[in-house]
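Order of the sequence lines fixes the chain letters, A, B, ..., with proteins taken first and strands second; residue numbering starts at 1 for each chain.
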2 protein chains.
Amino acid sequence: MKLQVEQKLASKKINPTAMRILVLELLLQQNSAISLSDIEKGLETADRITIYRTLKTFEQNGLIHSIEDGTGTPKYALCVEDCSTHEHYDMHVHFYCNSCEETFCLPDHKIPDISLPTGFSPAEMNLIVKGICENCAQ
Amino acid sequence: MKLQVEQKLASKKINPTAMRILVLELLLQQNSAISLSDIEKGLETADRITIYRTLKTFEQNGLIHSIEDGTGTPKYALCVEDCSTHEHYDMHVHFYCNSCEETFCLPDHKIPDISLPTGFSPAEMNLIVKGICENCAQ
DNA sequence: ATAAGCCATGCAATGGTATTGCATTATTGT
DNA sequence: ACAATAATGCAATACCATTGCATGGCTTAT
């Protein structure tokens, strides 16, 4: 297991330190995007700032992407595809559940083309759908 | 002029106080969405908290809508149509310019229907397109 | 093997922001 | 005009991202 985690780090040219392995392992366990505070709670030992910088490093190297789901606090989730460092704009839909307050990546649901007024040139897009997730629907 | 502003407030059942008239006048002058701090700078006299609550009131009464453009600080813009109190989900596209860092409402560009996985029921949507606006394109 | 240099970590501190409580002031209805 | 209600302003709180700086550990070259 740990070997696989280290390989994942190495493939993104990230030095596999103990802290980074812990954070990545925690991220791999999630099925929704989590915040810095969530990670801090999940890892009793670690310093908040170190996690913060770890996430920055992961993001810059295209291992994770950050999601602004409208709560103000960014969430983080693993990149599914091979997103390179420069263009890992998370062009898929994110879903925020108003009930459980979790944020889900929907990587199979791409954002459709949007027509813009003339003169506006798009670079990235961010679509948050809010509602009730499948777990809370019952 | 002021009469028109007061009518606008009255039509949303908002008491037309001096502060609210000032804030609404400032909002009417904008062609992009502005933040609380922007308004604070625009109105030398006013207290930040008062503006904060004024905006909350405006938002609750369907006069303005708040936009999470990914910067973390909410922006506010007038609602174009008659959006009622409960359902003024800003279902149109918002554009954030990476150059001038302004946020524009594109009320004529609705968010297309998004297919979701089974079990997910949407309530509101928020689409931010980032790129270069028409003013900065030249 | 040792020393130098780089990288990661942790602590402390800063700054910005939303948010609430409470007392005062303004506004509305009678 | 007066009482009730609403709005305002000040103070304080709390949360979060972000940076500086010093320490520690690992790598590399000599």
Side-chain angles (χ1 to χ4, degrees), chain A residues 2 5-6 8-10 12-27 33-61 63-76 85 101 103, chain B residues 2-3 5-27 33-61 63-76 85 96 101 103:
Chain A
K2 183 161 291 187
V5 173
E6 292 189 24
K8 223 172 171 60
L9 288 171
K12 298 292 183 179
K13 313 243 187 282
I14 302 170
N15 283 347
T17 67
M19 176 67 29
R20 288 169 179 177
I21 289 171
L22 282 176
V23 172
L24 180 51
E25 281 177 344
L26 195 69
L27 283 167
I34 56 177
S35 69
L36 171 56
S37 295
D38 292 333
I39 299 174
E40 194 184 7
K41 284 165 201 151
L43 304 175
E44 291 301 333
T45 85
D47 180 49
R48 182 183 183 87
I49 289 94
T50 303
I51 302 170
Y52 169 77
R53 283 192 265 232
T54 299
L55 292 172
K56 284 283 181 220
T57 303
F58 284 3
E59 191 181 1
Q60 282 170 7
N61 292 50
L63 183 60
I64 63 175
H65 62 268
S66 79
I67 306 155
E68 255 302 339
D69 57 9
T71 61
T73 58
K75 304 292 191 325
Y76 300 90
T85 306
E101 299 181 339
T103 301
Chain B
K2 183 161 291 187
L3 194 61
V5 172
E6 293 189 25
Q7 279 179 2
K8 224 175 170 59
L9 288 171
S11 75
K12 299 292 183 181
K13 312 243 187 280
I14 302 170
N15 283 347
T17 67
M19 176 66 29
R20 289 170 176 174
I21 290 171
L22 282 176
V23 172
L24 180 52
E25 280 176 345
L26 194 69
L27 283 167
I34 56 177
S35 70
L36 172 57
S37 296
D38 293 333
I39 299 173
E40 194 184 8
K41 283 166 202 152
L43 304 175
E44 291 301 331
T45 85
D47 180 48
R48 182 183 184 87
I49 290 96
T50 302
I51 302 171
Y52 169 77
R53 283 192 265 229
T54 299
L55 291 171
K56 284 282 182 222
T57 302
F58 284 4
E59 191 182 2
Q60 282 171 6
N61 292 51
L63 183 60
I64 64 174
H65 60 270
S66 80
I67 306 154
E68 255 303 339
D69 57 8
T71 61
T73 59
K75 304 292 193 321
Y76 301 90
T85 307
Y96 176 81
E101 298 180 340
T103 302

Mind checking the CG-CG spacing from A/L9 to A/L63? Nearest 0.5 Å is all I need.
-> 6.5 Å
Side-chain heavy atoms of A/F58 within contact of A/K12, under 4.5 Å | no
A/S35: side-chain hydrogen bond (donor to acceptor under 3.5 Å, both in side chains) partners, not counting sequence neighbours | A/D38
Assign each of B/G72 and B/P16 the nucleotide of DNA chain C bearing its closest heavy atom; nearer the 5' end lies the nucleotide of B/G72
Drop me the distance from B/I14's CD1 to B/E6's CD, to the nearest 0.5 angstrom.
-> 12.5 Å
Is there a side-chain polar atom (N or O) of B/K56 under 4.0 Å from OP1 or OP2 of C/dT19?
-> yes
Show me, pair by pair, the donor-acceptor contacts under 3.5 angstrom made by side chains of residues 40-51 of chain B, not counting sequence neighbours?
residue	atom	partner	partner atom	Å
B/E40	OE1	B/R48	NH1	2.5
B/D47	OD2	B/I49	N	3.4
B/R48	NH1	B/S37	OG	3.3
B/R48	NH2	B/S37	OG	3.2

Closest heavy-atom pair, B/K13 versus B/N61, reported as atoms and distance to 0.1 Å, is O-ND2, 3.6 Å
Any chance you could measure B/I21, atom CD1, to B/T54, atom OG1, to the nearest 0.5 Å?
-> 11.5 Å
dist B/L27:CG -> B/K8:NZ (nearest 0.5 Å) comes out at 10.5 Å
Indicate the atoms forming the closest heavy-atom contact of B/S66 with B/E59, along with that distance.
-> OG-OE2, 3.1 Å
Could you list by number each residue of residues 37-44 of chain B showing a heavy-atom separation from DNA chain D of less than 4.0 Å, or answer none if no residue does?
-> none
Where chain A begins and ends its contact with DNA chain D, read 5' to 3' at 4.0 Å from heavy atoms = D/dC16 to D/dG20
First locate atom CZ of A/R20, then atom CG of A/L22, and finally report the distance between them rounded to the nearest 0.5 Å.
-> 12.5 Å
Under a 4.0 Å heavy-atom criterion, the protein footprint on nucleotides 4-10 of chain C, written with B, S and -, is ---SSSB
Please list, chain by chain and in numerical order, all residues satisfying side chain to side chain contact (heavy atoms under 4.5 Å, CB included) with A/T71, sequence neighbours excluded.
-> A/D69, A/T73, A/K75, A/Y96
In this structure, CG of B/L55 is separated from CD1 of B/I39 (nearest 0.5 Å) by 4.5 Å
To the nearest 10 degrees, what angle separates the axes at the start and end of the helix from C/dA1-D/dT30 to C/dT30-D/dA1, five pairs each?
-> 30°
